[in-house]
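Here the structure is laid out as structure tokens; the discussion comes afterwards.
Quick caveat: nothing in here was measured; it's all calculated off a predicted structure. Count residues from 1 along the sequence.
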Amino acid sequence: MSDFLISSIKLFQYYKSLADKSIQRLNDNQLLFTPNKESNSAAVIIKHIAGNMLSRWTDFLTSDGEKTWRNRDEEFVIEQFNKEALIAYWEKGWSCLFDTLNSLNIEDLNKTVYIRNEGYTVTEAIQRQTAHYAYHIGQIVFIAKMQSEQWESLSIPRHQSASYNNDKFSQNKDIRHFTDNV
């Protein structure tokens, strides 16, 4: 497996962990909260990400990433809320992504895949999806943070940058992924 694939998997795992930690902090009402009528709830964003993952990563190398069976507009509607079913769908999407990435090899990286008939190298498609998921996971984190009385930071806590940097610079220089100790 290439360094790019290994790094991409670690990055997806990192973003999933940020979302999972945020989702765990939200009760049912908070998962359905929208700050205004044009915003999506965390539940809707979770449903959308999972639907996107299932579409993009199913038969990744052999079929268009926008599957005919996907109903994207339905992803933005929550008619009956069931947290367990939502989380199961979320996990199914992530499993599809990770299974696909783990099946790829270095020779696959320059192959062409299509999303809505637009061709991308596998590397470009992975980068596209990384950016898309990071964007939406940032929204989930923000929605969770908005509703928290006492937010526990998911990264470097406020006013602790100097301490964090001192710890990092006290270590020997080494090649590692920034998520290795997260």
Side-chain angles (χ1 to χ4, degrees), residues 1-24 26 31-32 39-144 154-155 177-180 182:
M1 189 176 279
S2 77
D3 288 344
F4 173 77
L5 286 171
I6 292 167
S7 180
S8 294
I9 290 167
K10 287 181 178 186
L11 199 53
F12 281 121
Q13 289 169 335
Y14 171 72
Y15 283 118
K16 182 180 187 303
S17 76
L18 292 178
D20 287 344
K21 289 173 187 173
S22 297
I23 293 164
Q24 288 171 357
L26 297 173
L31 279 166
L32 294 169
S39 297
N40 292 311
S41 67
V44 163
I45 297 167
I46 291 163
K47 187 177 174 185
H48 168 61
I49 291 172
N52 180 280
M53 287 177 173
L54 291 169
S55 183
R56 294 292 183 267
W57 301 102
T58 298
D59 303 324
F60 177 66
L61 294 174
T62 57
S63 69
D64 195 282
E66 186 64 20
K67 304 298 185 277
T68 56
W69 45 258
R70 181 183 185 203
N71 184 348
R72 185 182 178 279
D73 291 333
E74 178 60 29
E75 294 166 10
F76 294 91
V77 177
I78 301 282
E79 289 181 5
Q80 290 187 328
F81 180 72
N82 179 311
K83 186 175 182 177
E84 291 76 29
L86 181 68
I87 298 305
Y89 189 55
W90 168 256
E91 292 298 336
K92 183 177 177 181
W94 284 103
S95 291
C96 185
L97 176 147
F98 288 124
D99 290 348
T100 299
L101 289 181
N102 282 310
S103 74
L104 298 176
N105 59 54
I106 199 162
E107 292 81 29
D108 293 325
L109 295 180
N110 287 319
K111 290 181 179 176
T112 301
V113 295
Y114 293 89
I115 302 170
R116 296 185 184 102
N117 281 340
E118 294 177 352
Y120 299 87
T121 64
V122 166
T123 301
E124 291 169 331
I126 291 170
Q127 289 175 323
R128 173 185 165 142
Q129 295 314 118
T130 303
H132 183 215
Y133 303 148
Y135 168 79
H136 285 308
I137 288 168
Q139 292 173 323
I140 293 170
V141 172
F142 186 68
I143 289 169
L154 300 176
S155 60
H177 196 271
F178 81 96
T179 65
D180 286 346
V182 176

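- Nearest approach of Ser103 to Thr100, heavy atoms of both residues: OG-O, 2.7 Å.
- Within a 6.0 Å sphere centred on CZ of Phe81, heavy atoms belonging to other residues, nucleotides or ligands number more than 12.
- Interatomic distance, OH of Tyr89 versus CD1 of Ile46, reported as 12.5 Å (0.5 Å rounding).
- For the pair Met53/His132, no side-chain contact is recorded, criterion being any heavy-atom separation below 4.5 Å from C-beta on.
- Across all non-hydrogen atoms, the minimal contact from Trp57 to Leu101 is CZ3-CD2, 3.8 Å.
- Judged by distance alone, with hydrogens and angles left aside, the side-chain atoms of Asp108 form a donor-acceptor pair with the main-chain N or O of Asn105 at under 3.5 Å.
- The structure places OG of Ser2 at 10.0 Å from CD of Glu107, a figure rounded to the nearest 0.5 Å.
- Between the side chains of Asp20 and Trp90, at least one donor-acceptor pair of N or O atoms lies under 3.5 Å.
- Counting all heavy atoms, side chain and backbone alike, Ile23 lies closest to Lys83 at O-NZ, 4.4 Å.
- When all heavy atoms of Cys96 and Leu54 are compared, the closest pair comes out as CB-CD2, 3.9 Å.
- The CD1 atom of Ile140 lies 14.5 Å from the NZ atom of Lys21; values are rounded to the nearest 0.5 Å.
- Among Ile137, Leu31, Asn40, the one residue that satisfies the side-chain contact (heavy atoms from CB on, under 4.5 Å) test with Ile45 is Asn40.
- For the pair Ile126/Tyr120, no side-chain contact is recorded, criterion being any heavy-atom separation below 4.5 Å from C-beta on.
- With rounding to the nearest 0.5 angstrom, the CZ atom of Arg128 is 6.5 Å from the CD atom of Glu118.
- The side-chain hydrogen bond (donor to acceptor under 3.5 Å, both in side chains) test applied to Ser63 returns Lys67, not counting sequence neighbours.
- Judged by distance alone, with hydrogens and angles left aside, the side-chain atoms of Lys47 form a donor-acceptor pair with the main-chain N or O of Glu74 at under 3.5 Å.
- The shortest side-chain heavy-atom distance between Gln129 and Ile115 falls under the 4.5 Å cut-off.
- Using a 4.5 Å cut-off on side-chain heavy atoms (C-beta onward), Leu109 and Thr121 make no contact.
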Check residues 6-13 and write down every donor-acceptor pair under 3.5 Å in which the side-chain atom is one partner and the other belongs to a residue at least two apart or another chain.
from  : atom 1 : to     : atom 2 : distance (Å)
Ser7  : OG     : His177 : NE2    : 3.3
Ser8  : OG     : Phe4   : O      : 2.8
Lys10 : NZ     : Asp180 : OD1    : 3.1

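- The number of heavy-atom neighbours closer than 6.0 Å to OH of Tyr135, taken from other residues, nucleotides and ligands shown, is 12 or below.
- Other residues, nucleotides and ligands contribute at most 12 non-hydrogen atoms within 6.0 Å of the CG atom of Asp3.
- The main-chain N or O of Leu18 is found under 3.5 Å from a side-chain atom of Ser22 such that the two form a donor-acceptor pair.
- In this structure, a donor-acceptor pair under 3.5 Å is absent between the side chains of Glu75 and Asn52.
- We find that Arg72 and Glu66 are not joined by a salt bridge, their nearest charged nitrogen and carboxylate oxygen being 4.0 Å or further apart.
- Pairing each heavy atom of Leu26 with each of Ala42, the nearest pair is CD1-CB, 4.0 Å.
- Annotation for Lys92: atom NZ does not count as buried by contact number, only 12 or fewer foreign heavy atoms lying within 6.0 Å.
- Here Ser55 contributes atom OG and Phe60 contributes atom CZ; the two are 12.0 Å apart, rounded to the nearest 0.5 Å.
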